[in-house]
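A quick write-up on the structure given underneath.
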Number of protein chains: 2
Amino acid sequence: MTNVELARRVGLSAPPCLRRVRRLEEAGVIRGYHAEVEPAALGWEVTFFALVGLESQKESVLRAFEAMVAAWPEVRECHMIRGGGDFLLRLVARDTAHENALTARLTSAPSVSRVQTLQTIRTSKDLAGVPAEG
Amino acid sequence: MTNVELARRVGLSAPPCLRRVRRLEEAGVIRGYHAEVEPAALGWEVTFFALVGLESQKESVLRAFEAMVAAWPEVRECHMIRGGGDFLLRLVARDTAHENALTARLTSAPSVSRVQTLQTIRTSKDLAGVPAEG
DNA sequence: TCTGAAACTGCCAGGAG
DNA sequence: CTCCTGGCAGTTTCAGA
């Protein structure tokens with residue numbers, strides 16, 4: 001969207017509207033801008049999640065796991081879960097074989113004691129970010 | 001990013017670069033553009049996931065559940081999970097009390113038999129979309 | 001290559017603290 | 001009185017043909 005279009009929608013002239021956006025960017029409220037792509041069109045047919053349990057809850061072990069998956073491009077998200085030594089990952093794979101390979105790599109990774117894959121059949125809702133002023 | 005900046009990065013002049021982008025948009029490879037915002041800055045302090053099990057695997061029940069959470073603004077994602085009658089949700093909440101209320105609403109919703117909340121302690125990786133040509 | 005439009009920069013005015 | 005915020009005008013750059 002152009003700035004003048006945005007200004008028109010919020011009922012403001014263009015320059016102060018642009019200044020507001022700049023302020024939001026510098027304040028970190030707006031972290032950036034992205035193009036939203038179609039995964040299947042780029043050859044990423046499978047999206048799945050993985051619940052990973054580690055053998056230890058030591059901070060060094062947790063950090064090591066996070067560093068490992070940070071280097072895997074197929075891992076898109078890594079969330080530490082309350083309750084001790086568990087992570088929820090979102091991964092993408094080119095096909096089912098690729099997905100199996102990724103799961104195997106996770107299972108055999110250091111300090112990993114348990115891997116539960118959550119394969120998505122269909123996604124009925126997929127919105128980014130948060131509600132617009134709820 | 002401006003088109004000329006994009007063209008410079010990919011080593012192309014502006015007009016053909018723009019034509020390529022337009023083709024990707026029309027082909028559906030690029031679904032749209034959006035700003036990435038900081039949830040905490042807008043008052044959404046808590047992000048959590050929920051694994052929801054339903055009492056039935058009947059399609060009508062699944063659709064009814066999807067329709068229900070589609071109307072909840074706090075539910076940002078809803079993925080049906082292979083294995084039968086399970087869903088993985090991503091939710092945001094204003095605070096812990098709000099989170100508890102959302103969990104309670106889920107637990108007491110029609111056809112819901114089980115709710116396991118996955119509260120995120122920290123997120124070490126959070127990338128949108130898919131790898132850029134992996 | 002060329003034209004219209006949009007992004008951006010000063011400067012000024014008005015209102016709230 | 002000062003600061004914040006919005007509007008106006010001019011310049012530069014970009015989008016689109």
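Owing to the predicted nature of the structure, the values given are computational and were not obtained by experimental measurement. Chain naming here is simple, since letters A, B, ... match the order of the sequence lines and numbering starts at 1 in each.
Listed by first and then second residue, the side-chain hydrogen bond (donor to acceptor under 3.5 Å, both in side chains) pairs involving residues 3-22 of chain B are B/E5-B/R8, B/E5-B/R9, B/R22-B/E25 (not counting sequence neighbours). Sorted by first and then second residue, the side-chain hydrogen bond (donor to acceptor under 3.5 Å, both in side chains) pairs involving residues 77-87 of chain A (not counting sequence neighbours) are A/E77-A/H79, A/E77-A/R90, A/H79-B/T123, A/D86-A/R114.
Cluster partners of B/V4, using a side-chain heavy-atom cutoff of under 4.5 Å among ILVMFWY residues and allowing indirect links: none.
Residue B/R19 is out of contact with every strand shown, counting any heavy-atom pair closer than 4.0 Å.
For B/R63, the side chain to side chain donor-acceptor pair (under 3.5 Å) test picks out B/E59, with sequence neighbours left out. Residues meeting the side chain to side chain contact (heavy atoms under 4.5 Å, CB included) test with B/A101, sequence neighbours left out: none.
One can place CZ of B/R20 at 18 Å from C1' of D/dA15, the figure rounded to the nearest angstrom. Spacing between atom CD of B/E25 and atom P of D/dA15 amounts to 12 Å, rounded to whole angstrom units.
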Identify all pairs in which a protein N or O lies below 3.5 Å from an N or O of nucleotides 3-8 of chain C, and state each distance.
residue, atom, partner, partner atom, Å
C/dA7, OP1, A/N3, N, 2.4
C/dA7, OP2, A/N3, N, 3.4
C/dA7, OP2, A/V4, N, 3.2
C/dC8, OP1, A/R22, NH2, 3.2
C/dC8, OP2, A/R22, NH2, 2.3

